[in-house]
Amino acid sequence: MVASERLLAFAAMSFLLIVVPGPSVLFVIGRALAQGRRAALTTVVGNTVGAYVLVVAVALGVGSVVERSVLVFTALKLVGAAYLVYLGVRAWRKRGSLQAAVTTDGSARGGGLRTLWEGFAVGVANPKTMVFFAAVLPQFVDRAQGHVVVQMLMLGLVFNLIAVACDSVWGLAAATGREWFARSPRRLSLVGGIGGLTMIGLGVTVAATGRKD
């Protein structure tokens, strides 16, 4: 239902957003540093479920409006793009505090269900993901094919599959090299800085991209 070129373009943009260390990635890294691989992967599952809840909410609430109104679509896109740039600037300015954020996130301990629930809460409340779904998902929907909500759900599934893979790599890497990661504030600062610049670039791209139908 979604053309392959749209799917690939959306997957590429999703990857750029997902690979940037945001609230979900920081939480996964924190769990990995404090509790190891199992807790990190449980957190990834919780994050993914929370993110897909956002996909469903956006698809059901925004899909029909976007289908009918170019004005609403454009306004939503520009607001989302501006917020992504804002998040990128903030991430760049606070790149030096990434070490403290990781330490704080990793300090809590709990059982598997609690870890899953906390991962879900972080995933469903992630502002970066909210903005991405609201501002970017509609751009890759082909209105001529119909079934806008179904298309958005499919694109959201692609996003979540990429998120599971990327977040798992972050978690496993952090769990494997706990001491190296925890004692490398310069490396963490570099990661935060690159992430902030990437998010700014993503916001500019969203603003400049027109409707594809």
Where A51 and N160 come nearest, the two heavy atoms and their spacing | CB-OD1, 3.4 Å

Spacing of OG belonging to S14 relative to CG belonging to L161, to within rounding of 0.5 Å = 10.5 Å

Apply side-chain hydrogen bond (donor to acceptor under 3.5 Å, both in side chains) to R38 and T115, showing your working.
-> CA-CA 10 Å; R38 184 174 180 178; T115 300; over 6 Å; no

By ring pair (Phe, Tyr, Trp, His ring centres under 6.0 Å) - contacts of F133 (at least two apart) = F159

Can you tell me how far the CE atom of M154 sits from the CZ atom of F10, to the nearest 0.5 Å?
-> 11.5 Å

If you round to the nearest 0.5 Å, how far is CD1 of I18 from CG of N47?
-> 11.5 Å

V55 and M152, any side-chain heavy atoms less than 4.5 Å apart | no

Closest approach of V44 and S168, non-hydrogen atoms and distance?
-> CG1-OG, 3.8 Å

Cluster companions of L41 among Ile, Leu, Val, Met, Phe, Trp, Tyr (side-chain spacing under 4.5 Å) | L172

Kindly write out the residues that satisfy side chain to side chain contact (heavy atoms under 4.5 Å, CB included) with L7, not counting sequence neighbours, or none if the list is empty.
-> V2, L155, V158

Residue pair A40 / G171: nearest heavy atoms and the distance that separates them = CB-CA, 4.0 Å

Does L153 offer a backbone N or O that forms a donor-acceptor pair with the side chain of Y52 under 3.5 Å?
-> yes

V141, L60: one ILVMFWY side-chain cluster at the under-4.5 Å cut-off?
-> yes

Shared ILVMFWY cluster between M13 and L157, side chains joined below 4.5 angstrom?
-> yes

Tell me, do L137 and Q151 make a side-chain contact under 4.5 Å, heavy atoms counted?
-> no

Check whether V169 and F15 end up in the same hydrophobic cluster, where Ile, Leu, Val, Met, Phe, Trp and Tyr are linked by side-chain heavy atoms less than 4.5 Å apart.
-> no

Sequence neighbours left out, what passes ring pair (Phe, Tyr, Trp, His ring centres under 6.0 Å) with F120? Give chain and number order.
-> W117

